[in-house]
Every structure is written in structure tokens, then in C-alpha cells.
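As the structure lists them, so they are numbered: ligands from 1, and atoms in each ligand from 1.
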Amino acid sequence: MEVCVVGTGYVGLVTGTCLAYLGHSVVCVDVDERKIQMLRNGQSPIYEPGLDQLIVQGMQRGHLRFATELAESVKHSDVIFIAVGTPPLASGKADLSYVKAVAQSIGRALDCERRRVIVNKSTVPIGSGNWVEMLVKEGLQDNPAYQERVASVAGAQANSGTTTTSTTRKLPGVKPEDLFLVASNPEFLREGSAITDTFYPDRIVIGATDSFATERLRSLYEPIIEQTFTAPASAPRPAGFTAVPVVTTELASAEMIKYAANAFLATKISFANEIANICERVGADIKEVVRGFGLDSRIGPKFLNAGVGWGGSCFGKDVSALIDIAKEYGYEPQLLRSTVDVNKQQRHVAVHKLQETLKIIKGKTIGLLGLAFKPDTDDLRDAPALEIARQLLEMGARVKAYDPIANDACQRQHPELKLEYTSDAVSLADDCDAVVIVTEWEEFCYLDLQQVGEVMRTKILIDGRNILDPDAVTEAGFKYRGIGR
Ligand SMILES: NC(=O)c1ccc[n+]([C@@H]2O[C@H](COP(=O)([O-])OP(=O)(O)OC[C@H]3O[C@@H](n4cnc5c(N)ncnc54)[C@H](O)[C@@H]3O)[C@@H](O)[C@H]2O)c1
């Protein structure tokens, strides 16, 4: 199938690359010329394990190409994905300006020769499917190919003697729904395991009002649904993984599924953090508590890790957008508000622990292990590390940082943060009064405590992700503080 993916960020690039791997002919479009140039050179602009290889392979096989020109790319496509960002506005609403620009451009660019399916893959507020349809129709008004077809149909009607009463003039000669249909296909991939999540998803959700759109998307994804493709070496098929459930529904429910999923996951983490804060006060250990209640099959153990709070480009913005949607409809979403509030509070926990142990922060040197919002990504959007660093700098501390992947991104994107970047955990610890684990990168689970401790001024370790064994750290001579233990 001919596929166009508009937006080559974490979602668009992974989706396009994986679809190309399955044999579809994919063009990925972005307005960011630097990104497109890097991609044409076979380099991924984002860090995602296994992605570079698949990009190069896709290009070599002639299945994947990159462009900055939307109009030309849309022309040949059976399916057009909108995968641009929907970042939060100050009000909490999703910023839909990128989606709007793309939808109108698509309308202006369709060659009007066959029926296309335009797919919202971006996370968008409920009702956006209908709104995108309206915008594409608006774009069609400025589309010469559309005007030509309308004129030729009108001409044919006139020649055949069809009366042109005011009623018939209102009847569209060319129905937009014969030219395009809008579907919703929300994305659930996790950064850091995006390729595995794309090839082996828990489900595929398709929201559409017309079975033509549903069937086209079903056939696009068929190799994934039926698991008939040969697994790439970088993303082996999990044992026993045989087929993917497909949820077909209408647009609004598909859009809501995405918000509900993210709101639930964020709530689960905030819940674990709330319990952790109570554990700490009553002398219980959150790790033990989660092990005990997470074994309940109605609850499950995942997404219950207490720590310095959730971050990333999705949870915060999606929960805020859902709160905003509820408000718009006169509903007060108390649970969602608490999910956000608990998380805000949790961002301060690491600094409170530093104050408890060090007393004075001013003039002290603090090392942050990890900057990215989670391991295996260089994504810093809404990363707890940024807020912790900001608080410490404001309090007069000297702040050092080490992230296995995200140092460069942080330096580039946050020049306002005067951090001292280091290239490994030991040089980070050098001269530090305390070290805080902020991101649970695997290498931090195996810190050489001996070496780290030797170079520190005082051996204080705040384990903001509960990844170390408190007894082992204490035995190595550290003052250890975890979260909720
Ligand atoms: N990142 C995730 O883990 C994730 C997971 C699921 C869903 N989502 C959702 O998917 C959407 C995209 O997220 P992302 O993280 O990939 O965003 P991103 O910011 O990484 O990428 C968006 C891309 O769109 C491009 N763009 C903007 N306007 C454009 C235009 N007019 N034409 C072409 N390209 C344009 C930008 O240059 C950028 O490269 C968002 O709605 C997000 O909520 C993200």
C-alpha cells in the first residue's frame, strides 16, 4: 500500500519505518529540514533502540523515503497518517495548530482521483476526527484538482439537461466522502521500546464511521494483526505472540480510548507514589507492599513503581487535555486532578530528602544520575530531572549531571540550566555531597558503589527510582534514601 506519514517524530518515524519494513511503500514528511536531511543520510534524529538499522534497511529496499514536500507526497498515498505533535497549551488544552495546518494542506493537495483514508495518529481531543474532516473539506475548496472535478461534473449535469434549481445546486457534484475518509488510529507505543510495541502491540484501535476506512487500515496492519511477517533481528517476536486484537469502533470512542489509557497509567503511578508517601511515614516498604498487592490479578504489578514521578511528552499533556475536555462538558474530574497534583508534589520529594540529609543545599554539589524522562530514550519533555535540577540551582547548589544518552539533548534544549555534564557515573560523583538517581537506566542498577563512594565528598545516595538494594548501599558506607521505604 502507498502510505504517507506526516510528522517524523517518535510516533511518525517509528510507524513509517515499521510499515516500510512490512513491505508498504512509505514516505515520511516533516517540515523540519534538518531532520529530513539526517534521515536521508540514514541517521535517526531520535534515540530509539534498533531504529537506525530499520531506517537504513527501508531506504535500501526502496520502501522508505523522506520528504519535506507534503503536497507531492500525499498525491500517491492510499493512507495518510497525521502524526504531528499536540503539545499542551498553558491552559492545559492540546495545541492543535499543527494538526490543523496538516489537515488543510492535505485537502489542498489531494489529486481527487481516488479515495484516501486520512488517519489521526496524533493524540487529539474527542471530536477531532470530525474537525479534521471539516478542515480537509476547507482545504478542498482551494484545491484546483477538486475544482476541476466539480466543474466537470457540473458540466456533465448541464449537458445531460439536469435542472439547476437552487436545491440541485446545493447537491455536491463530487462528494468529499468519495475522495477521503477520516479515521482515528491512536498510538500506544512507549519510547525506548517503540519498535517492539509497534510490531507486537497489545491491541490496534481503529475508529471510523465508514467500513471502507476500517477495512483499509485492517489490511494495512494485516501482517501485524496476523503476525505473518518475519521478525527483525532487533525486535524478535515475543514467545507465544500469535495475533493482535483489533478494536473497531467509532471516532469518539477511539479518541477516548487513548486518553483513558494514559490517564489510567498516570493514575496508577500517582497511586503508588501516594501509598509510598504513607509507607514512609508508617515504616512500611513500598516495594514489599506493591509486591503484595500487585500480585492480585485484578490489579497487576505494572506501573506501580514509586519514584520521583511520571514525566514525558504524553501523560501530563493528555491528562490535562482530558481534564479540559471534561470541564468543557461541565464535569469536574476530581480523580484526574488528584493524579496530576500527586505527581507535582512527587517532583519535590528528592529535594526534600536532600534537605533532610544535607540540611543546607546552598553551596553543595549534587549529582543527578539520569536526565531523560525514562530509560532508553533521549526525550526530555516534562522530565522530572529538569525540575529537580531547576529547584537545586535556585537553592544555590552546584548541579552535575550524567545521562547515558540525553546529555547532548539537554545541553542543546536547555541552555538555561547551568549543569555540569559528565561522561560517566564516577566522574559525576566526583566531589559530590550527594547523588540522586533520577532515571532508572539499567547501568545505574549496577553502580560500582566502591568507586562512586571513594570520590564523593559525603556518601549520600537518594534513590529516586528505588532501583538499588538499600542494604547493599548502606553496607557500602552510604546514607541511603529511597522513596517510600
Ligand atoms: N511520543 C510518544 O511516546 C507518543 C506515544 C503515543 C502517542 N503520541 C502522540 O503522537 C503525536 C506525535 O508525538 P511525537 O512524540 O511523535 O511528537 P514529536 O514532537 O516528536 O514529532 C512531531 C513532528 O511533527 C513535525 N511537524 C509539525 N508540523 C508539521 C507539518 N505541518 N508538516 C509536517 N511535519 C510537521 C515536527 O517537525 C516533528 O518532527 C502526539 O499527539 C503525541 O501525543 C506520542
Out of the candidates Thr8, Asp52, Val56, only one should pair with Ser44 under the side-chain contact (heavy atoms from CB on, under 4.5 Å) rule; please name it.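 So, applying the side-chain contact (heavy atoms from CB on, under 4.5 Å) to Ser44 and each of Thr8, Asp52, Val56, only Asp52 qualifies.
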Between Val84 and Ser122, what is the shortest heavy-atom contact and its length?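 Where Val84 meets Ser122 most closely, the heavy atoms are O-OG, 2.6 Å.
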Mind checking whether [X] contacts ligand 1 via backbone (N, CA, C, O), side chain (CB onward), both or neither, at a 4.0 Å heavy-atom cut-off?
X      : value
Val11  : both
Ser122 : both
Arg381 : side chain
Ser105 : neither

Between [X] and ligand 1, does any nitrogen or oxygen pair lie at a separation below 3.5 Å?
X      : answer
Glu187 : no
Lys35  : yes
Thr86  : yes

Say whether Ser97 and Asp95, considering side chains only, have a donor N or O and an acceptor N or O under 3.5 Å apart.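 Yes, a side-chain donor-acceptor pair sits under 3.5 Å.
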Please report the C-alpha distance between Phe264 and Phe303 in whole Å, then the side-chain angles of each, then the deciding distance to 0.1 Å, and finally whether the ring-ring contact (aromatic ring centres under 6.0 Å, His included) criterion is met. CA-CA 10 Å; Phe264 186 73; Phe303 268 74; 9.5 Å; no
Would you indicate whether the side-chain heavy atoms of Asp178 and Val174 approach each other to under 4.5 Å?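 Val174 does not reach Asp178 side chain to side chain.
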What do you reckon, does Leu70 put a non-hydrogen atom under 4.0 Å from ligand 1?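 False for this residue.
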Applying a strict 4.0 Å limit to heavy atoms, is Arg190 in contact with ligand 1?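 Heavy atoms of Arg190 never come under 4.0 Å of ligand 1.
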Atom 28 (N) of ligand 1: the protein heavy-atom neighbour that sits closest, reported with distance to 0.1 Å: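 Checking every protein heavy atom, the shortest distance to atom 28 (N) of ligand 1 gives Tyr98 CD2, 3.6 Å.
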So which heavy atom in the protein is nearest atom 9 (C) of ligand 1, and how far is it from that ligand atom?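 For this ligand atom, the closest protein heavy atom is Thr123 OG1, 3.4 Å.
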